[in-house]
2 protein chains.
Amino acid sequence: MTLKNIDQLFQASLAQSDLSAKQKAVLQASLMLFAEKGFERTTTRDIATLAQVSEGTVYKQFKTKQQILDAILQPFITQVFPQAANEFIAELTARPVTSLHAFIQFIVYDRINFGLTNQKQLKVLVQQLLDNGRLLAELGRVFDKVLQGPVKSILDQLQRQGELVNWSHARIFRHIISTVLGYVLPIIILPIADPDVEKITAEATEFLYAGLHQKKA
Amino acid sequence: MTLKNIDQLFQASLAQSDLSAKQKAVLQASLMLFAEKGFERTTTRDIATLAQVSEGTVYKQFKTKQQILDAILQPFITQVFPQAANEFIAELTARPVTSLHAFIQFIVYDRINFGLTNQKQLKVLVQQLLDNGRLLAELGRVFDKVLQGPVKSILDQLQRQGELVNWSHARIFRHIISTVLGYVLPIIILPIADPDVEKITAEATEFLYAGLHQKKA
DNA sequence: TTTTAGTGAGTGAACACTCACTTATAATAT
DNA sequence: ATATTATAAGTGAGTGTTCACTCACTAAAA
(Lines give C-alpha, C1' and ligand atoms only; values in the text may rest on other atoms or scores of the structure.)
Protein backbone atom coordinates (compact mmCIF):
# COMPACT_ATOMS: atom_id res chain seq x y z
CA MET A 1 0.00 0.00 0.00
CA THR A 2 1.39 3.31 -1.00
CA LEU A 3 0.69 6.55 0.87
CA LYS A 4 0.46 9.27 -1.73
CA ASN A 5 -0.83 11.76 0.77
CA ILE A 6 1.64 13.63 2.94
CA ASP A 7 -0.99 13.75 5.67
CA GLN A 8 -0.74 9.99 6.01
CA LEU A 9 3.03 9.99 5.76
CA PHE A 10 3.25 12.66 8.44
CA GLN A 11 0.91 10.78 10.71
CA ALA A 12 2.91 7.62 10.16
CA SER A 13 6.02 9.48 11.25
CA LEU A 14 4.13 10.79 14.29
CA ALA A 15 3.13 7.25 15.20
CA GLN A 16 6.80 6.26 15.28
CA SER A 17 7.58 9.02 17.74
CA ASP A 18 7.09 8.58 21.48
CA LEU A 19 4.82 11.59 21.78
CA SER A 20 1.50 11.39 23.60
CA ALA A 21 -1.77 11.71 21.71
CA LYS A 22 -2.15 15.32 22.79
CA GLN A 23 1.36 16.22 21.73
CA LYS A 24 0.69 14.70 18.34
CA ALA A 25 -2.49 16.73 18.14
CA VAL A 26 -0.40 19.83 18.81
CA LEU A 27 1.85 19.08 15.84
CA GLN A 28 -1.08 18.28 13.57
CA ALA A 29 -2.86 21.49 14.50
CA SER A 30 0.33 23.49 14.08
CA LEU A 31 0.88 22.09 10.60
CA MET A 32 -2.64 23.06 9.59
CA LEU A 33 -2.40 26.58 10.97
CA PHE A 34 1.11 27.27 9.69
CA ALA A 35 -0.09 26.30 6.22
CA GLU A 36 -3.17 28.47 6.41
CA LYS A 37 -1.89 31.60 8.11
CA GLY A 38 1.87 31.28 8.12
CA PHE A 39 4.18 30.72 11.09
CA GLU A 40 4.25 34.28 12.42
CA ARG A 41 0.51 34.85 12.25
CA THR A 42 -0.26 31.62 14.09
CA THR A 43 -0.53 32.07 17.87
CA THR A 44 0.14 29.37 20.42
CA ARG A 45 -3.43 29.90 21.60
CA ASP A 46 -4.67 29.11 18.08
CA ILE A 47 -2.70 25.90 18.21
CA ALA A 48 -3.98 24.92 21.67
CA THR A 49 -7.57 25.62 20.64
CA LEU A 50 -7.44 23.62 17.42
CA ALA A 51 -5.61 20.76 19.12
CA GLN A 52 -8.16 20.88 21.95
CA VAL A 53 -5.51 21.07 24.65
CA SER A 54 -4.46 23.77 27.07
CA GLU A 55 -1.72 26.20 26.19
CA GLY A 56 0.38 24.71 28.97
CA THR A 57 0.30 21.35 27.22
CA VAL A 58 1.73 22.94 24.11
CA TYR A 59 4.71 24.08 26.15
CA LYS A 60 5.11 20.86 28.12
CA GLN A 61 6.85 19.17 25.22
CA PHE A 62 8.06 22.08 23.13
CA LYS A 63 9.93 24.86 24.85
CA THR A 64 9.36 27.47 22.16
CA LYS A 65 7.08 28.03 19.19
CA GLN A 66 10.10 27.65 16.93
CA GLN A 67 10.67 24.14 18.33
CA ILE A 68 7.19 23.22 17.16
CA LEU A 69 8.05 24.30 13.64
CA ASP A 70 11.33 22.39 13.80
CA ALA A 71 9.52 19.31 15.05
CA ILE A 72 7.28 19.51 11.99
CA LEU A 73 9.97 20.22 9.43
CA GLN A 74 12.45 17.66 10.72
CA PRO A 75 10.39 14.56 9.90
CA PHE A 76 9.35 16.27 6.69
CA ILE A 77 12.94 16.37 5.56
CA THR A 78 14.26 13.16 7.10
CA GLN A 79 11.18 10.96 6.73
CA VAL A 80 8.29 12.31 4.74
CA PHE A 81 10.20 13.35 1.67
CA PRO A 82 12.52 10.33 1.51
CA GLN A 83 9.46 8.13 2.02
CA ALA A 84 7.64 9.93 -0.75
CA ALA A 85 10.77 9.58 -2.86
CA ASN A 86 10.93 5.85 -2.15
CA GLU A 87 7.32 5.34 -3.12
CA PHE A 88 7.93 7.30 -6.27
CA ILE A 89 10.90 5.09 -7.06
CA ALA A 90 8.89 1.98 -6.26
CA GLU A 91 6.15 2.93 -8.67
CA LEU A 92 8.73 3.81 -11.22
CA THR A 93 10.55 0.49 -11.05
CA ALA A 94 7.28 -1.44 -11.01
CA ARG A 95 6.62 -0.41 -14.59
CA PRO A 96 8.96 -1.39 -17.39
CA VAL A 97 10.73 1.52 -19.04
CA THR A 98 9.17 1.45 -22.44
CA SER A 99 10.20 4.84 -23.79
CA LEU A 100 11.37 8.31 -22.84
CA HIS A 101 7.93 9.68 -23.58
CA ALA A 102 6.22 7.21 -21.27
CA PHE A 103 8.84 7.88 -18.59
CA ILE A 104 8.31 11.63 -18.70
CA GLN A 105 4.56 11.29 -18.84
CA PHE A 106 4.53 9.11 -15.78
CA ILE A 107 6.77 11.41 -13.74
CA VAL A 108 4.81 14.50 -14.70
CA TYR A 109 1.43 12.95 -13.99
CA ASP A 110 2.62 11.41 -10.73
CA ARG A 111 4.28 14.53 -9.35
CA ILE A 112 1.47 16.88 -10.39
CA ASN A 113 -0.96 14.70 -8.49
CA PHE A 114 1.41 14.57 -5.55
CA GLY A 115 1.61 18.34 -5.53
CA LEU A 116 -2.12 18.86 -5.87
CA THR A 117 -3.05 16.43 -3.07
CA ASN A 118 -0.59 18.12 -0.72
CA GLN A 119 -1.10 21.80 -1.45
CA LYS A 120 -1.13 22.99 2.17
CA GLN A 121 1.95 21.10 3.20
CA LEU A 122 3.90 22.31 0.21
CA LYS A 123 2.88 25.87 1.01
CA VAL A 124 4.39 25.63 4.52
CA LEU A 125 7.54 24.19 3.09
CA VAL A 126 7.90 26.87 0.42
CA GLN A 127 7.31 29.58 3.02
CA GLN A 128 10.06 28.18 5.19
CA LEU A 129 12.42 27.66 2.27
CA LEU A 130 12.42 31.42 1.74
CA ASP A 131 14.05 32.28 5.05
CA ASN A 132 15.90 29.06 5.66
CA GLY A 133 18.32 28.13 2.92
CA ARG A 134 19.42 25.06 4.89
CA LEU A 135 16.10 23.42 4.09
CA LEU A 136 16.59 23.78 0.37
CA ALA A 137 20.04 22.28 0.67
CA GLU A 138 18.65 19.29 2.56
CA LEU A 139 15.90 18.91 0.00
CA GLY A 140 18.57 18.91 -2.67
CA ARG A 141 20.21 15.97 -0.92
CA VAL A 142 16.94 14.03 -1.08
CA PHE A 143 16.80 14.60 -4.82
CA ASP A 144 20.39 13.50 -5.18
CA LYS A 145 19.52 10.26 -3.46
CA VAL A 146 16.64 9.66 -5.83
CA LEU A 147 18.95 10.30 -8.75
CA GLN A 148 21.49 7.80 -7.48
CA GLY A 149 18.97 5.01 -7.10
CA PRO A 150 16.91 3.24 -9.76
CA VAL A 151 16.32 6.50 -11.58
CA LYS A 152 19.99 6.54 -12.44
CA SER A 153 19.86 3.23 -14.26
CA ILE A 154 16.71 4.22 -16.10
CA LEU A 155 18.22 7.49 -17.26
CA ASP A 156 21.48 5.72 -18.16
CA GLN A 157 19.57 3.22 -20.24
CA LEU A 158 17.57 5.90 -22.03
CA GLN A 159 20.77 7.78 -22.73
CA ARG A 160 22.52 4.66 -24.06
CA GLN A 161 19.58 4.02 -26.34
CA GLY A 162 20.11 7.52 -27.71
CA GLU A 163 16.61 8.56 -26.72
CA LEU A 164 17.59 10.93 -23.93
CA VAL A 165 20.06 13.80 -24.31
CA ASN A 166 23.46 13.26 -22.73
CA TRP A 167 23.10 15.89 -20.02
CA SER A 168 23.82 15.36 -16.33
CA HIS A 169 20.95 13.70 -14.52
CA ALA A 170 20.79 16.64 -12.12
CA ARG A 171 20.26 19.01 -15.01
CA ILE A 172 17.59 16.82 -16.58
CA PHE A 173 15.72 16.71 -13.30
CA ARG A 174 16.05 20.42 -12.82
CA HIS A 175 14.24 20.97 -16.11
CA ILE A 176 11.54 18.45 -15.22
CA ILE A 177 10.98 19.95 -11.77
CA SER A 178 10.91 23.50 -13.10
CA THR A 179 8.37 22.64 -15.74
CA VAL A 180 6.08 20.80 -13.34
CA LEU A 181 6.34 23.55 -10.71
CA GLY A 182 5.51 26.07 -13.40
CA TYR A 183 2.07 24.49 -13.49
CA VAL A 184 1.68 23.40 -9.86
CA LEU A 185 2.82 26.49 -7.95
CA PRO A 186 0.33 28.91 -9.51
CA ILE A 187 -2.45 26.46 -8.66
CA ILE A 188 -1.30 26.22 -5.05
CA ILE A 189 -0.95 29.96 -4.62
CA LEU A 190 -4.11 31.16 -6.32
CA PRO A 191 -5.64 28.52 -5.50
CA ILE A 192 -7.42 27.23 -8.57
CA ALA A 193 -10.40 25.03 -7.79
CA ASP A 194 -10.49 22.56 -10.65
CA PRO A 195 -7.20 22.26 -12.46
CA ASP A 196 -7.33 20.22 -15.66
CA VAL A 197 -4.73 17.63 -14.72
CA GLU A 198 -4.98 15.82 -18.05
CA LYS A 199 -4.32 18.97 -20.05
CA ILE A 200 -1.50 20.07 -17.76
CA THR A 201 0.13 16.66 -17.97
CA ALA A 202 -0.18 16.63 -21.75
CA GLU A 203 1.33 20.10 -22.13
CA ALA A 204 4.21 19.57 -19.72
CA THR A 205 5.00 16.16 -21.17
CA GLU A 206 4.96 17.43 -24.74
CA PHE A 207 7.34 20.26 -23.90
CA LEU A 208 9.69 18.16 -21.79
CA TYR A 209 9.86 15.38 -24.34
CA ALA A 210 10.76 17.84 -27.07
CA GLY A 211 13.37 19.44 -24.86
CA LEU A 212 14.94 16.26 -23.56
CA HIS A 213 14.88 13.72 -26.35
CA GLN A 214 17.95 13.13 -28.42
CA LYS A 215 17.88 14.65 -31.90
CA LYS A 216 19.23 12.40 -34.63
CA ALA A 217 22.52 13.77 -35.91
CA MET B 1 19.21 55.10 -20.63
CA THR B 2 17.77 51.89 -19.35
CA LEU B 3 17.39 51.18 -15.65
CA LYS B 4 18.03 47.50 -15.22
CA ASN B 5 18.09 47.74 -11.45
CA ILE B 6 14.81 47.69 -9.58
CA ASP B 7 16.38 49.93 -6.94
CA GLN B 8 16.62 52.70 -9.48
CA LEU B 9 13.19 52.00 -10.89
CA PHE B 10 11.74 52.05 -7.40
CA GLN B 11 13.44 55.32 -6.56
CA ALA B 12 12.24 56.77 -9.84
CA SER B 13 8.70 55.83 -8.91
CA LEU B 14 9.24 57.40 -5.47
CA ALA B 15 10.40 60.62 -7.14
CA GLN B 16 7.12 60.77 -9.05
CA SER B 17 5.14 60.55 -5.83
CA ASP B 18 4.38 63.62 -3.73
CA LEU B 19 5.92 62.14 -0.61
CA SER B 20 8.39 64.08 1.51
CA ALA B 21 12.01 63.03 1.74
CA LYS B 22 11.43 61.39 5.11
CA GLN B 23 8.41 59.48 3.90
CA LYS B 24 10.44 58.19 0.99
CA ALA B 25 13.14 57.15 3.42
CA VAL B 26 10.50 55.20 5.33
CA LEU B 27 9.56 53.24 2.21
CA GLN B 28 13.18 52.62 1.28
CA ALA B 29 14.01 51.36 4.76
CA SER B 30 10.89 49.20 4.83
CA LEU B 31 11.80 47.58 1.53
CA MET B 32 15.25 46.73 2.83
CA LEU B 33 13.99 45.29 6.10
CA PHE B 34 11.07 43.38 4.61
CA ALA B 35 13.51 41.74 2.19
CA GLU B 36 15.96 40.84 4.94
CA LYS B 37 13.73 39.75 7.77
CA GLY B 38 10.27 39.41 6.26
CA PHE B 39 7.22 41.56 6.87
CA GLU B 40 6.13 40.08 10.20
CA ARG B 41 9.54 40.13 11.79
CA THR B 42 10.14 43.76 10.89
CA THR B 43 8.99 46.22 13.57
CA THR B 44 7.93 49.79 12.95
CA ARG B 45 10.72 50.82 15.29
CA ASP B 46 13.22 49.03 13.03
CA ILE B 47 11.86 51.01 10.11
CA ALA B 48 12.00 54.34 11.94
CA THR B 49 15.55 53.68 13.09
CA LEU B 50 16.87 52.70 9.66
CA ALA B 51 15.04 55.60 8.00
CA GLN B 52 16.38 57.93 10.71
CA VAL B 53 12.97 59.33 11.53
CA SER B 54 10.72 59.09 14.57
CA GLU B 55 8.12 56.39 14.81
CA GLY B 56 5.44 59.06 14.69
CA THR B 57 6.65 60.10 11.25
CA VAL B 58 6.17 56.58 10.00
CA TYR B 59 2.52 56.78 11.03
CA LYS B 60 1.96 60.34 9.77
CA GLN B 61 1.63 59.16 6.19
CA PHE B 62 0.81 55.48 6.59
CA LYS B 63 -1.96 54.53 8.96
CA THR B 64 -0.91 50.92 9.40
CA LYS B 65 2.13 48.76 8.84
CA GLN B 66 0.18 46.94 6.14
CA GLN B 67 -0.25 50.22 4.26
CA ILE B 68 3.51 50.56 4.13
CA LEU B 69 3.77 47.17 2.48
CA ASP B 70 0.98 48.08 0.07
CA ALA B 71 2.69 51.35 -0.77
CA ILE B 72 5.79 49.34 -1.69
CA LEU B 73 4.08 46.58 -3.63
CA GLN B 74 1.69 48.84 -5.52
CA PRO B 75 4.34 50.66 -7.56
CA PHE B 76 6.15 47.37 -7.91
CA ILE B 77 3.18 45.92 -9.69
CA THR B 78 1.85 48.96 -11.49
CA GLN B 79 5.11 50.70 -12.30
CA VAL B 80 8.29 48.82 -11.62
CA PHE B 81 7.33 45.63 -13.40
CA PRO B 82 5.60 47.27 -16.36
CA GLN B 83 8.58 49.60 -16.63
CA ALA B 84 10.94 46.66 -16.53
CA ALA B 85 8.69 44.96 -19.05
CA ASN B 86 8.81 48.02 -21.30
CA GLU B 87 12.57 48.18 -21.17
CA PHE B 88 12.69 44.51 -21.93
CA ILE B 89 10.43 45.08 -24.91
CA ALA B 90 12.49 48.06 -26.03
CA GLU B 91 15.69 46.06 -26.01
CA LEU B 92 13.91 43.27 -27.73
CA THR B 93 12.59 45.40 -30.58
CA ALA B 94 15.90 47.20 -30.93
CA ARG B 95 17.50 44.01 -32.15
CA PRO B 96 16.29 42.37 -35.33
CA VAL B 97 14.72 38.98 -34.79
CA THR B 98 17.28 36.81 -36.45
CA SER B 99 16.23 33.40 -35.19
CA LEU B 100 14.36 31.55 -32.48
CA HIS B 101 17.63 30.55 -30.90
CA ALA B 102 18.86 34.13 -30.70
CA PHE B 103 15.48 35.24 -29.36
CA ILE B 104 15.48 32.67 -26.59
CA GLN B 105 19.10 33.30 -25.74
CA PHE B 106 18.47 37.01 -25.35
CA ILE B 107 15.41 36.56 -23.15
CA VAL B 108 17.13 34.04 -20.91
CA TYR B 109 20.31 36.06 -20.51
CA ASP B 110 18.41 39.29 -19.94
CA ARG B 111 15.98 37.92 -17.37
CA ILE B 112 18.61 35.96 -15.46
CA ASN B 113 20.62 39.14 -15.07
CA PHE B 114 17.49 41.02 -14.06
CA GLY B 115 16.77 38.42 -11.41
CA LEU B 116 20.30 38.32 -10.08
CA THR B 117 20.68 42.10 -9.76
CA ASN B 118 17.40 42.33 -7.86
CA GLN B 119 17.55 39.37 -5.52
CA LYS B 120 16.27 41.14 -2.40
CA GLN B 121 13.32 42.76 -4.08
CA LEU B 122 12.26 39.53 -5.71
CA LYS B 123 12.46 37.82 -2.34
CA VAL B 124 9.95 40.26 -0.81
CA LEU B 125 7.67 39.76 -3.77
CA VAL B 126 7.81 35.98 -3.59
CA GLN B 127 7.14 36.08 0.16
CA GLN B 128 4.06 38.18 -0.40
CA LEU B 129 2.89 36.12 -3.37
CA LEU B 130 2.57 33.14 -1.04
CA ASP B 131 -0.12 34.63 1.16
CA ASN B 132 -1.68 37.00 -1.32
CA GLY B 133 -2.95 35.35 -4.47
CA ARG B 134 -4.22 38.71 -5.74
CA LEU B 135 -0.62 39.77 -6.37
CA LEU B 136 0.04 36.80 -8.59
CA ALA B 137 -3.08 37.58 -10.56
CA GLU B 138 -1.93 41.17 -11.08
CA LEU B 139 1.48 39.95 -12.09
CA GLY B 140 -0.21 37.68 -14.60
CA ARG B 141 -1.90 40.72 -16.11
CA VAL B 142 1.45 42.43 -16.56
CA PHE B 143 2.72 39.41 -18.46
CA ASP B 144 -0.39 39.38 -20.62
CA LYS B 145 0.27 42.98 -21.56
CA VAL B 146 3.82 42.14 -22.57
CA LEU B 147 2.52 39.29 -24.66
CA GLN B 148 0.09 41.53 -26.47
CA GLY B 149 2.73 44.09 -27.43
CA PRO B 150 5.77 43.68 -29.68
CA VAL B 151 6.44 40.20 -28.32
CA LYS B 152 3.24 39.05 -29.96
CA SER B 153 4.40 40.04 -33.45
CA ILE B 154 7.79 38.47 -32.89
CA LEU B 155 6.28 35.20 -31.75
CA ASP B 156 3.73 35.30 -34.58
CA GLN B 157 6.52 35.80 -37.08
CA LEU B 158 8.59 32.95 -35.65
CA GLN B 159 5.54 30.74 -35.74
CA ARG B 160 4.74 31.68 -39.36
CA GLN B 161 8.32 30.88 -40.31
CA GLY B 162 7.75 27.44 -38.84
CA GLU B 163 10.60 27.92 -36.37
CA LEU B 164 8.47 28.14 -33.25
CA VAL B 165 5.88 25.58 -32.20
CA ASN B 166 2.26 26.59 -32.68
CA TRP B 167 1.39 26.77 -29.00
CA SER B 168 -0.35 29.68 -27.28
CA HIS B 169 1.99 32.51 -26.45
CA ALA B 170 0.99 32.24 -22.79
CA ARG B 171 2.05 28.62 -22.74
CA ILE B 172 5.35 29.36 -24.45
CA PHE B 173 6.10 32.05 -21.89
CA ARG B 174 5.13 29.79 -19.04
CA HIS B 175 7.78 27.31 -20.14
CA ILE B 176 10.38 30.05 -20.53
CA ILE B 177 9.63 31.57 -17.14
CA SER B 178 9.61 28.19 -15.40
CA THR B 179 12.96 27.24 -16.88
CA VAL B 180 14.61 30.54 -15.97
CA LEU B 181 13.17 30.51 -12.45
CA GLY B 182 14.43 26.95 -12.07
CA TYR B 183 17.90 28.44 -12.16
CA VAL B 184 17.29 31.84 -10.55
CA LEU B 185 15.17 30.95 -7.51
CA PRO B 186 17.67 28.52 -5.94
CA ILE B 187 20.34 31.18 -6.30
CA ILE B 188 18.16 33.79 -4.58
CA ILE B 189 17.19 31.48 -1.76
CA LEU B 190 20.53 29.90 -0.96
CA PRO B 191 22.08 32.49 -1.88
CA ILE B 192 24.92 31.39 -4.12
CA ALA B 193 27.78 33.84 -4.29
CA ASP B 194 29.11 33.47 -7.80
CA PRO B 195 26.61 31.95 -10.20
CA ASP B 196 28.02 31.09 -13.61
CA VAL B 197 25.66 33.19 -15.70
CA GLU B 198 27.19 32.07 -19.00
CA LYS B 199 26.75 28.41 -18.20
CA ILE B 200 23.23 28.90 -16.88
CA THR B 201 22.24 30.86 -19.95
CA ALA B 202 23.70 28.23 -22.25
CA GLU B 203 21.92 25.37 -20.49
CA ALA B 204 18.54 27.07 -20.25
CA THR B 205 18.73 28.26 -23.85
CA GLU B 206 19.70 24.85 -25.16
CA PHE B 207 16.82 23.19 -23.36
CA LEU B 208 14.23 25.81 -24.28
CA TYR B 209 15.25 25.85 -27.92
CA ALA B 210 14.92 22.09 -28.14
CA GLY B 211 11.55 22.24 -26.42
CA LEU B 212 10.11 25.11 -28.39
CA HIS B 213 11.41 24.84 -31.92
CA GLN B 214 9.23 23.36 -34.61
CA LYS B 215 10.17 19.87 -35.68
CA LYS B 216 10.09 19.25 -39.40
CA ALA B 217 7.21 16.99 -40.29
C1' DT C 1 -1.44 83.14 11.04
C1' DT C 2 -2.70 78.80 9.42
C1' DT C 3 -1.52 74.47 7.84
C1' DT C 4 1.41 70.67 7.43
C1' DA C 5 5.40 67.67 8.91
C1' DG C 6 7.78 65.67 12.48
C1' DT C 7 8.58 64.08 17.35
C1' DG C 8 8.95 60.59 21.08
C1' DA C 9 7.02 59.32 25.30
C1' DG C 10 3.05 56.80 26.20
C1' DT C 11 -0.84 53.09 25.83
C1' DG C 12 -3.61 49.12 25.28
C1' DA C 13 -3.62 44.77 23.37
C1' DA C 14 -1.68 40.62 22.00
C1' DC C 15 1.50 37.36 22.45
C1' DA C 16 5.02 33.81 23.87
C1' DC C 17 5.96 31.68 27.74
C1' DT C 18 5.56 30.23 33.09
C1' DC C 19 4.04 28.06 37.26
C1' DA C 20 1.46 26.41 41.08
C1' DC C 21 -1.74 23.05 40.95
C1' DT C 22 -4.65 18.91 39.42
C1' DT C 23 -5.29 14.59 37.17
C1' DA C 24 -3.74 10.39 35.23
C1' DT C 25 -0.43 6.65 34.80
C1' DA C 26 2.89 3.51 36.37
C1' DA C 27 5.72 1.34 39.85
C1' DT C 28 6.22 -0.65 44.32
C1' DA C 29 4.77 -2.38 48.75
C1' DT C 30 1.43 -4.71 51.56
C1' DA D 1 -5.79 -7.65 44.44
C1' DT D 2 -5.37 -3.23 46.87
C1' DA D 3 -3.29 0.64 48.78
C1' DT D 4 0.61 3.81 48.52
C1' DT D 5 3.79 6.37 46.43
C1' DA D 6 6.37 8.44 42.54
C1' DT D 7 6.47 10.26 38.11
C1' DA D 8 4.77 12.27 34.32
C1' DA D 9 0.99 14.74 31.65
C1' DG D 10 -2.17 18.25 31.54
C1' DT D 11 -4.33 22.67 33.03
C1' DG D 12 -5.43 27.67 32.69
C1' DA D 13 -4.94 31.84 35.00
C1' DG D 14 -1.15 34.84 35.21
C1' DT D 15 3.18 37.63 33.68
C1' DG D 16 6.57 40.36 31.39
C1' DT D 17 7.53 42.01 27.13
C1' DT D 18 7.03 43.49 22.68
C1' DC D 19 4.68 45.78 19.31
C1' DA D 20 1.51 48.50 16.42
C1' DC D 21 -0.41 52.56 16.96
C1' DT D 22 -1.74 57.44 19.35
C1' DC D 23 -1.45 62.09 20.85
C1' DA D 24 -0.13 66.33 22.84
C1' DC D 25 3.35 69.01 21.49
C1' DT D 26 7.12 71.41 18.60
C1' DA D 27 9.27 72.95 14.18
C1' DA D 28 8.83 74.30 9.71
C1' DA D 29 6.58 75.83 5.65
C1' DA D 30 3.03 78.34 3.14
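First the proteins, then the strands, lettered A, B, ... as listed; each starts at 1. Nothing here was measured: the structure is a model prediction, and the numbers come from that model. Side chains are part of it too, since the values below use all heavy atoms of this structure and drop only hydrogens, waters and symmetry mates.
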Worksheet entry | Phosphate-side-chain proximity, B:T57 and C:dA5, N/O vs OP1/OP2 below 4.0 Å | no
Ignoring hydrogens and angles, write down the donor-acceptor pairs under 3.5 Å from the side chains of residues 179-192 of chain B, residues two or more places apart or on other chains.
{"from": "B:T179", "atom 1": "OG1", "to": "B:H175", "atom 2": "O", "distance (Å)": "2.8"}
{"from": "B:Y183", "atom 1": "OH", "to": "B:E203", "atom 2": "OE1", "distance (Å)": "2.5"}

Practice prompt. To the nearest Å, give me how far apart CD (B:Q52) and P (C:dG8) are.
Written response: 12 Å
Discussion item. Please enumerate all residues that pass side-chain hydrogen bond (donor to acceptor under 3.5 Å, both in side chains) together with A:T64, with sequence neighbours excluded.
Written reply: none
Worksheet entry | Which residues share a side-chain contact (heavy atoms from CB on, under 4.5 Å) with A:K60, sequence neighbours left out | A:Q23
Worksheet item: In terms of side-chain heavy atoms of A:S54, which of D:dG10, C:dG8, C:dC17 is nearest?
Response: D:dG10
Worksheet item: Does a side-chain heavy-atom distance below 4.5 Å link B:Y109 with B:T205?
Response: no
Worksheet entry | Residues that B:E138 engages under side-chain contact (heavy atoms from CB on, under 4.5 Å), provided they are two or more places apart | B:I77, B:R134, B:R141
Worksheet item: Within the structure shown, what part of the strands sits under 4.0 Å from A:V58 by heavy-atom distance: base, sugar-phosphate, or nothing?
Response: nothing
Item to complete: For A:Q66 and C:dC15, give me the distance from atom CD to atom P, rounded to whole Å.
Response: 18 Å
Under 3.5 Å between N/O atoms: give me all the protein pairs with nucleotides 22-26 of chain D, atom names plus distance.
none

Response to the item:
residues 16-41 of chain B vs ring-ring contact (aromatic ring centres under 6.0 Å, His included), sequence neighbours excluded, gives B:F34-B:F39
Worksheet entry | Pair listing, ring-ring contact (aromatic ring centres under 6.0 Å, His included) test, anchored in residues 41-60 of chain A, at least two apart | none
Item to complete: Provide, to the nearest angstrom, the distance between the CD atom belonging to B:Q61 and the P atom belonging to D:dC21.
Response: 15 Å
Item to complete: Taking only heavy atoms on the protein side, list every residue of residues 18-50 of chain A lying under 4.0 Å from any atom of DNA chain C, sorted numerically.
Response: A:T42, A:T43, A:T44
Discussion item. Could you work out, with side-chain contact (heavy atoms from CB on, under 4.5 Å) as the rule, every residue matching B:F143, not counting sequence neighbours?
Written reply: B:L139, B:I177
